[in-house]
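Accompanying notes for the structure given below.
Model, not experiment: these values are computed from the prediction.
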Amino acid sequence: MLNKLKFAFVSLMAAGLIFCVGNVSTAYDEPPATVIVQVTAMGSPIEHADVSVGDTSDTTGHNGNKVFQVNKGIYTVSVADTHGNTDSREVRVNPGEIIQVTFDLGAPGRPASGGGH
């Protein structure tokens with residue numbers, strides 16, 4: 001009888017340990033990173049600029065910003081305003097990190113490089 005109780009107790013302990021170990025790998029998920037994309041023209045915010053981080057895209061709000069939640073990795077951040085000005089750059093983000101990527105696309109209707117007359 002005592003052997004059966006020992007066996008039952010050990011079996012329950014083993015089952016509990018297996019359950020705990022199985023949940024440890026999923027108990028800690030890396031927190032997402034935050035990428036804040038800011039789009040300006042000569043320092044003023046650009047509303048409705050198309051922005052993307054990796055495969056996710058949206059448009060900026062009245063403050064020229066758009067916030068994306070992403071997983072750890074390397075992403076291409078791209079922007080385009082309604083005048084055809086574009087820019088992009090690559091960023092690396094880590095879990096829980098908050099980074100801001102600012103693009104100044106120059107004067108409306110003019111390239112950010114200031115080209116033209």
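- Of the inter-residue distances, the one linking E47 atom CD with T82 atom OG1 reads 10.5 Å to the nearest 0.5 angstrom.
- Closest of all the heavy-atom pairs between S52 and S57 is CB-CB, 3.7 Å.
- A donor-acceptor distance shorter than 3.5 angstrom exists from the side chain of T60 to the backbone of H48, with no hydrogens or angles considered.
- Follow the hydrophobic side-chain contacts under 4.5 Å out from I98 and you never reach V91; the two are in separate clusters.
- At least one side-chain heavy atom of V93 sits under 4.5 Å from a side-chain heavy atom of V35.
- Within the 4.5 Å cutoff, no side-chain heavy atoms of T56 are placed close to those of V70.
- Across all their heavy atoms, I99 and R92 have their closest contact at CD1-O, 4.5 Å.
- Between V101 and R89 there is a side-chain heavy-atom pair separated by less than 4.5 Å.
- In this structure, I46 and F103 have side chains that are not in contact, with every pair of non-hydrogen atoms separated by 4.5 Å or more.
- With 3.5 Å as the limit, one finds a donor-acceptor pair spanning the side chains of T102 and Q100.
- Looking at heavy atoms from C-beta onward, N71 lies out of side-chain contact with E30 at the 4.5 angstrom threshold.
- For the residue pair T34/Q69, the side-chain donor-acceptor check at 3.5 Å is satisfied.
- Summarising the geometry, atom OG belonging to S44 is positioned 12.0 Å from atom CG belonging to L105; distances are rounded to the nearest 0.5 Å.
- A distance-only check finds no donor-acceptor pair linking the side chain of N94 to the backbone of E97 [under 3.5 Å].
- Taking 4.5 Å as the limit, every side-chain heavy atom of V79 sits out of range of all side-chain heavy atoms of T86.
- Residues M42 and T40 are not in side-chain contact: their nearest non-hydrogen atoms beyond the backbone lie 4.5 Å or more apart.
- Between S88 and T76, the closest heavy-atom pair is CB-CG2, 4.3 Å.
- Between V39 and V51 the shortest side-chain heavy-atom distance falls below 4.5 Å.
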